[in-house]
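Heads up: the structure comes next, in structure tokens.
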Amino acid sequence: MLARWFPAAINTRPSEWSRAAIGMALGTLFSVWLCSQVFGMEVALHLLGPLGASAVLLFAVSSGALAQPWSIIGSYLCAGVVALLVARVLGPSLSGACLAAGMTVILMCWLRCLHPPAGGLAMTLVLADPASAALGWYELGAVLLGAGALLSCALAYNNATRTRYPKGAAEAPAIIVTHPEAGPDPAITAADLKLALAEMEQFYDVEPTELEQLIHAAQTHAKRRSIGEVLASRVA
């Protein structure tokens, strides 16, 4: 049980860590600077925490579903609208901030734009500083400007450093034909998946053991489907 508390080995190289760190720093700096030019430094610094957290996902885990363009734009829009509504009704209170975060999660799941930093953003907007609160609904513009600037940096920097972003549809792998005399295909294990992840040289937010379970479950369903098709053909 104690072994579950130890972190798994990271499959990426130090060069990828450095690439992500530089992108995260530059992206956050640019988005906060741009927001400060339009809405003031106090408002921009109030958004620094959520923007920095989003930058970690966009530059370090850009292949994940939580870091795709619709995830950040949609989630920031959800958090902004919900938080401003809650703040108008309940005022700047801790209970209102927690309520806004919970409602934001539900809305993000419904709209398929789940992005963890948006939960913190909702709390931040409800407990806004005087400068941000004075903006009223115009604060939503500051939120979307920061998110848009950060996303633009991620699009430019990730692709310039040979990291495909946003994540597109995966290409179909080449079909390998095996001969019967070569014996049955070997089962894929977590060790094989770990080596494959290391070859990709990108960080994927998934454990090899989880992938192994997913592959085995898919193989089971494929066998059941194949058996069902054979039985259906015999009945016909």
Side-chain angles (χ1 to χ4, degrees), residues 6-80 83 101 104-105 108 112-125 127-129 132 139-168 170 197-207:
F6 292 96
I10 299 179
N11 297 314
T12 54
R13 298 178 180 179
S15 59
E16 173 62 19
W17 310 344
S18 301
R19 185 205 67 82
I22 294 172
M24 181 266 178
L26 294 177
T28 306
L29 177 63
F30 175 74
S31 59
V32 173
W33 173 82
L34 183 60
C35 189
S36 68
Q37 298 301 305
V38 180
F39 296 95
M41 183 57 73
E42 290 187 39
V43 175
L45 291 179
H46 195 67
L47 302 175
L48 179 61
L51 288 173
S54 295
V56 174
L57 291 175
L58 266 65
F59 292 95
V61 202
S62 59
S63 62
L66 304 180
Q68 300 310 301
W70 170 237
S71 294
I72 181 171
I73 296 298
S75 66
Y76 271 52
L77 181 61
C78 292
T104 298
V105 171
M108 287 190 297
R112 295 182 292 178
C113 57
L114 188 62
H115 187 68
L121 175 64
M123 292 184 173
T124 299
L125 295 178
L127 302 174
D129 63 292
S132 299
E139 190 174 7
L140 188 61
V143 169
L144 294 180
L145 177 61
L150 186 62
L151 177 59
S152 299
C153 289
L155 289 168
Y157 181 84
N158 285 336
N159 287 287
T161 53
R162 299 181 181 180
T163 299
R164 180 184 294 181
Y165 182 79
K167 180 182 179 182
L197 289 173
E199 290 178 355
M200 294 181 180
E201 298 184 359
Q202 291 188 28
F203 180 80
Y204 290 87
D205 191 15
V206 63
E207 293 293 331

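The shortest side-chain heavy-atom distance between F59 and C153 falls under the 4.5 Å cut-off.
Counting all heavy atoms, side chain and backbone alike, P117 lies closest to L57 at CD-CD1, 3.8 Å. Counting all heavy atoms, side chain and backbone alike, S62 lies closest to Q68 at O-NE2, 2.9 Å. Closest non-hydrogen pair, T28 versus G52, comes out as OG1-CA, 4.0 Å. Contact detail for C113 and S75: the closest heavy-atom pair is O-CB, 3.3 Å. Annotation for L140 and G80: closest pair CD1-CA, 3.7 Å, computed over non-hydrogen atoms. Among all heavy-atom pairs drawn from L34 and A149, the shortest one is CD2-CB, 3.8 Å.
At least one donor-acceptor pair under 3.5 Å links the side chain of N159 to the backbone N or O of Y165. Side-chain atoms of N158 do not come within 3.5 Å of backbone N or O of G23 as any donor-acceptor pair. At least one donor-acceptor pair under 3.5 Å links the side chain of S71 to the backbone N or O of A65.
Here the straight-line distance linking atom SG of C78 with atom CE of M108 works out to 7.0 Å at 0.5 Å rounding. The CG atom of L127 sits 11.5 Å away from the OG atom of S132 when rounded to the nearest 0.5 Å. From L58, atom CG reaches atom CG of L51 across 10.5 Å, with rounding to the nearest 0.5 Å. Rounding to the nearest 0.5 Å gives a distance of 10.5 Å between OG of S54 and CG of L151. Rounding to the nearest 0.5 Å places CG of D129 at 9.0 Å from CG of L45.
Look at R13 and E16 and you find no salt bridge, because none of the NZ, NE, NH1 or NH2 atoms lies under 4.0 Å from a carboxylate O.
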query: Between L47 and L125, does a side chain to side chain contact (heavy atoms under 4.5 Å, CB included) hold up when you go through it step by step?
result: CA-CA 8 Å; L47 302 175; L125 295 178; 4.1 Å; yes
- request: Mind running side chain to side chain contact (heavy atoms under 4.5 Å, CB included) on E139 and F39 for me, showing each step along the way?
  value: CA-CA 8 Å; E139 190 174 7; F39 296 95; over 6 Å; no
task: Report the C-alpha separation of F30 and L26 in whole Å, then their side-chain angles, then the decisive distance to 0.1 Å, and conclude whether the side chain to side chain contact (heavy atoms under 4.5 Å, CB included) test is met.
output: CA-CA 6 Å; F30 175 74; L26 294 177; over 6 Å; no
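Relative ring orientation between H115 and Y76 is described as tilted, the plane-to-plane angle lying within the 30° to 60° band.
Within 6.0 Å of CD in E42 there are 12 or fewer heavy atoms belonging to other residues, nucleotides or ligands.
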